[in-house]
Amino acid sequence: MNTEYNPQAVESKWQQSWQDTNLFRVDMKGDKPKYYLLEMFPYPSGRIHMGHVRNYTIGDVVARYKTMRGHNVLHPMGWDAFGMPAENAAIASKIHPKKWTYENIDYMRTQLKKMGFSYDWNREIATCDPEYYKWEQLFFIQMYNKGLVYKSRAFLNWCEQCKTVLANEQVVEGQCWRCGSQVFLKEHDQWFFKITAYAQELLDDIEKLKKGWPERVLSMQKNWIGRSTGTLIRFQIEGTSDDIEVFTTRPDTLYGATFMSIAPEHPLVKALSAGTGQEDKVRDFVNKTLQVDTFTRTSDLYEKEGVFTGRYCINPLTGFKMPIYVANFVLYDYGTGAVMAVPSHDQRDFDFAKKYGLKIIVVIQPEGESLDSETMECAYEGEGVLVNSGEFNGMKNTDAMEAITKHLQAQGRGSATVNFRLRDWGISRQRYWGAPIPMVYCEKCGTVPVNIEDLPVILPENVELTGTGISPISQDESFVNTTCPACGGKARRETDTMDTFVESSWYFLRYCSPHSHDKPFDKAEVHYWMPVDQYIGGIEHAILHLLYARFYTKVLRDLGYVDFDEPFERLLTQGMVIKDGAKMSKSKGNVVDPEDLIKNYGADATRLFCLFAAPPEKDMDWSDKGIEGSYRFLSRLWRLVFDMKDQLRSADASADVPPKSMEALKRKTHQTIKKVTEDIEKRFRFNTAIAAMMELVNDLYRAKETASSPGEFAVVREAVQSLIVMLSPFVPHITQELWEAMGNTGQLLRMSWPEFDPNWCEEQEVTVAVQVNGKLRATVTVAKDADQETVEERAFAEANVKRFLEGADIKKVIYVPNKIINIIAPLR
RNA sequence: GCCCGAGUGGCGGAAUUGGUAGACGCAAGGGACUUAAAAUCCCUCAGAGCUUGGCUCUGUACCGGUUCAAAUCCGGUCUCGGGCACCA
């Protein structure tokens with residue numbers, strides 16, 4: 001053992017040892033309770049960043065802790081390896097995405113090993129491996145056969161920069177989640193996963209997640225699913241037998257519906273305007289609107305405009321001829337893409353009606369007021385009583401909602417319905433580096449799934465990447481041209497690839513049996529390990545990945561693969577790593593490279609600071625000075641053991657009765673064990689756990705000065721030994737080295753977690769605060785659980801207490817044992 | 001606009017059930033050791049005041065309330081962060 005703490009030497013020594021002994025290998029043998037700890041796997045972008053370091057350090061503490069508590073812990077790692085950066089790198093520097101990806105994986109694996117994370121590398125997976133995406137293609141076909149996958153032509157979010165469509169979840173404030181450029185709507189053929197079929201279940205099962213997931217994530221998911229109840233109403237288009245369908249949450253205002261607004265993307269637009277003389281105007285308006293990016297279109301400031309289609313529809317209750325407008329504010333995506341407009345009771349419709357001179361009819365009167373459609377200056381959106389509403393006049397509007405819906409139902413013109421904001425998940429990507437969609441287009445048979453025996457549909461490697469926006473594999477004739485699985489005739493393959501979020505929707509299942517060749521995963525293995533007991537990752541996936549994975553789990557359940565409803569029992573969303581008040585980014589120049597930290601301070605100091613600087617769920621401020629503090633602490637720990645190593649080696653840690661001089665240290669030791677155990681177990685508060693261990697080190701430095709006899713060193717040894725074991729999940733390398741230096745053998749990961757003795761956790765003397773009229777006037781030290789009389793006697797003896805009691809009558813004394821005594825004594 | 005969270009020293013943060021606010025660390029200042037520096041060790045460190053080895057007052061975004069006692073509970077306000085949002 002060296003005098004000086006040299007992290008590099010210590011860390012590489014033990015990393016080698018762990019690898020050589022397969023220390024982190026797990027399987028489902030044994031009678032220990034299982035524990036599945038999962039961190040969100042990284043995209044192999046090239047190097048790990050501080051966000052990974054923080055995420056995986058938190059996970060590693062829990063994994064090691066649970067192992068030491070006697071659990072059989074599955075702690076896997078892999079690569080979310082399909083995705084656009086690989087392709088962009090290929091376009092920019094002519095490296096094949098596969099080569100680029102696998103080189104990155106190799107480098108990042110080395111980096112993760114240098115951090116000392118306890119992954120079972122035997123279970124490593126990369127989603128770009130055909131052995132992985134083969135099963136995804138199988139799921140796709142099975143979902144297709146079950147009606148959970150369909151193809152449709154629709155207006156979709158298009159990112160010009162990435163040359164691909166995006167799912168709704170991947171558009172943030174009208175911008176691409178990946179590159180930040182503006183998103184436009186563009187008409188496309190797309191494959192969809194029918195996530196809406198699970199909308200209600202996804203919402204209902206949030207209840208099951210309440211005990212283990214952060215409230216914040218659940219409320220975001222609830223918002224996203226966006227359930228609202230209302231009425232579906234069919235309006236007949238004048239002069240035809242066709243209908244326009246509308247979803248409304250205000251059927252009570254139907255008598256006031258005086259016109260109709262439909263989205264520019266609505267498929268009826270063309271037909272409606274045909275032959276009315278409005279055709280040109282409508283076409284120009286639609287084209288103009290479609291050119292506006294999504295962000296502008298959905299902003300409050302965007303001018304509300306519309307064009308009359310030249311047609312009318314009939315209000316089913318009043319028979320009123322409602323002009324049909326194409327309006328730029330109507331979302332094709334929500335409800336039916338058409339809205340019945342009630343200008344008297346909806347501000348937007350009111351503004352629109354004023355602008356285009358459309359009729360306004362008041363149908364709800366608020367109590368004690370009388371609105372007049374001629375004079376009203378804004379819409380009335382509140383509650384009231386129905387007027388101008390035929391047989392419903394006089395009814396409260398809240399009652400009228402149901403009554404009118406029933407009435408419509410009887411006429412065959414409407415029905416009560418539930419509408420979700422959630423849209424089906426569009427998964428086609430017009431990009432190369434992804435899993436091919438296993439479908440074939442046959443001239444005779446139409447769209448046909450690939451035969452299951454023919455999977456995987458391998459992504460061709462010999463392609464040219466130009467970045468022009470045409471799917472590269474569509475250029476590969478040998479890939480595209482195939483035979484129809486049904487009739488054997490000439491056919492063409494689908495050339496879009498799947499959204500990479502599909503891969504991350506089930507990778508946690510593959511980890512359970514990563515080498516399974518004949519099926520996606522072994523049922524018994526999955527049954528043993530799943531669900532994930534603790535999932536850890538960034539809040540940025542609150543909706544995206546976490547919603548998709550929940551959906552996919554339910555689909556796989558319905559396909560008979562798994563028998564649980566939710567994949568992740570508990571979720572911890574860790575905060576971002578911030579420096580100088582901003583998220584680390586190249587453009588801001590505030591990036592800290594973990595590799596430099598490992599080089600300068602070692603992995604242990606890096607891990608320690610990540611855990612100590614803030615509680616895991618909060619954003620963490622990076623501080624260059626802070627990591628020096630962590631390094632200082634580890635050096636202090638090193639010296640402590642080094643200075644005493646001879647005495648510690650010869651001391652007997654099992655001596656039961658400590659000498660008087662060491663009672664305080666023994667007490668502190670057991671208090672620290674209790675605190676650290678509870679902080680990890682109950683609260684995930686690693687920062688306070690570390691603070692407690694720092695206190696113990698401070699006390700040990702004091703004890704070191706006074707200890708001389710073997711009996712005293714026995715207590716010191718117990719303290720140091722417990723400390724090293726407890727610190728090992730946090731800083732596994734230095735602790736292992738010190739463990740050995742003290743004359744112990746074996747891996748700390750195989751040691752059991754120290755137990756505290758409750759008798760030694762309690763102080764025998766306590767400091768009781770003495771208050772007079774609620775203000776602190778003194779403190780007295782008394783025996784633990786001293787009775788009130790004793791404490792009172794001591795309290796009254798305090799000079800400062802006497803001073804404040806002078807000229808006062810003691811009315812009442814409140815005593816909380818071991819804490820506080822409050823003397824209530826108002827002045828005379 | 002609706003729905004969540006948060007607000008404590010110069011800074012990161014602690015106070016777990018309402019019971020001594022500021023643990024632990026960083027920064028800063030002072031001292032010891034040293035030829036010197038680094039490292040290390042020790043001390044001070046919320047603000048104001050005073051009769052200064054100690055004591056008083058104020059203090060957990062702001063205003064008010066409940067309570068013997070509030071950072072913690074309740075009502076209101078402000079600020080910041082996040083989500084949803086022309087959602088029919």
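In what follows, chains are A, B, ... by sequence order, proteins preceding strands, each numbered from 1.
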Flag the pair Y325(A) / Y356(A) as yes when their ring centroid distance falls below 6.0 Å, and as no otherwise. yes

Indicate yes or no: at least one non-hydrogen side-chain atom of V697(A) is less than 4.5 angstrom from one of L637(A). yes

First of A769(A) and G774(A) reached from the 5' end of RNA chain B, by closest nucleotide: A769(A)

Would you kindly say whether Q671(A) and E762(A) are connected by a side-chain donor-acceptor distance under 3.5 Å? no

Given the C1' atoms of A36(B) and C45(B), what is the spacing between them in whole Å? 28 Å

Answer with yes or no whether N822(A) presents, from its side chain, a donor or acceptor under 3.5 Å of a partner atom in the base of C68(B). yes

Residues D351(A), R348(A): salt bridge by 4.0 Å N-O rule: no

For C86(B), does the base pair up with any side-chain atom of K304(A) as donor and acceptor (N or O, under 3.5 Å, distance only)? yes

Under 4.0 Å, counting only non-hydrogen atoms across every strand here, what does N698(A) touch: a base, just sugar-phosphate, or nothing? sugar-phosphate

Rounded to whole Å, CH2 of W224(A) lies from C1' of A85(B) at a distance of 11 Å

Centre-to-centre under 6.0 Å for F352(A) and F259(A), is that the case here? yes

Can G53(B) be described as syn, meaning its chi torsion is within 90° of 0, or is it anti? anti

What's the gap between U17(B) and G1(B) when it is taken at their C1' atoms, as a whole Å value? 38 Å

Can you tell me if K784(A) has over 12 outside heavy atoms packed within less than 6.0 Å of its NZ? yes

A46(B) and A39(B), which share atom name C1', separated by this distance in whole Å: 31 Å

Roughly how far apart, to the nearest Å, are A21(B) and U60(B) at atom P? 12 Å

Roughly how far apart, to the nearest Å, are G22(B) and G29(B) at atom P? 25 Å

Can you tell me if K618(A) touches the phosphate of G13(B), counting only side-chain N or O atoms and a distance under 4.0 Å to OP1 or OP2? yes

Is there a donor in the side chain of D424(A) and an acceptor in the side chain of T196(A), or the other way round, less than 3.5 Å apart? yes

Rounded to whole angstrom units, what separation is found between the OH atom of Y334(A) and the P atom of A85(B)? 11 Å

Wobble G-U and Watson-Crick pairs count when both distances are under 3.5 Å; given that, what is the 5' to 3' dot-bracket string of RNA chain B, with | for pairing to other strands? (((((((..(((......[....))).(((((.......))))).(((((...)))))..(((((..]....))))))))))))....

May I ask you to check whether Y5(A) and Y631(A) place their ring centers less than 6.0 Å from one another? yes

Presence of donor-acceptor pair under 3.5 Å, side chain of K675(A) and base of U16(B): yes

Please report, rounded to the nearest Å, how far the P atom of G81(B) is from the CG atom of D621(A). 15 Å

With a 4.0 Å heavy-atom cut-off, tell me which residues in residues 681-690 of chain A come close to RNA chain B, sorted by residue number. R683(A), R685(A), N687(A), T688(A)

Using atom CG of L723(A) as one end and atom P of C24(B) as the other, report the distance to the nearest whole Å. 16 Å

Determine the Euclidean distance between corresponding C1' atoms of C62(B) and A14(B); express it in Å to zero decimal places. 24 Å

Pairwise P distance, C4(B) and A69(B) [rounded to whole Å]: 32 Å

Taking the P atom of each, how far is A23(B) from G10(B), in whole Å? 14 Å

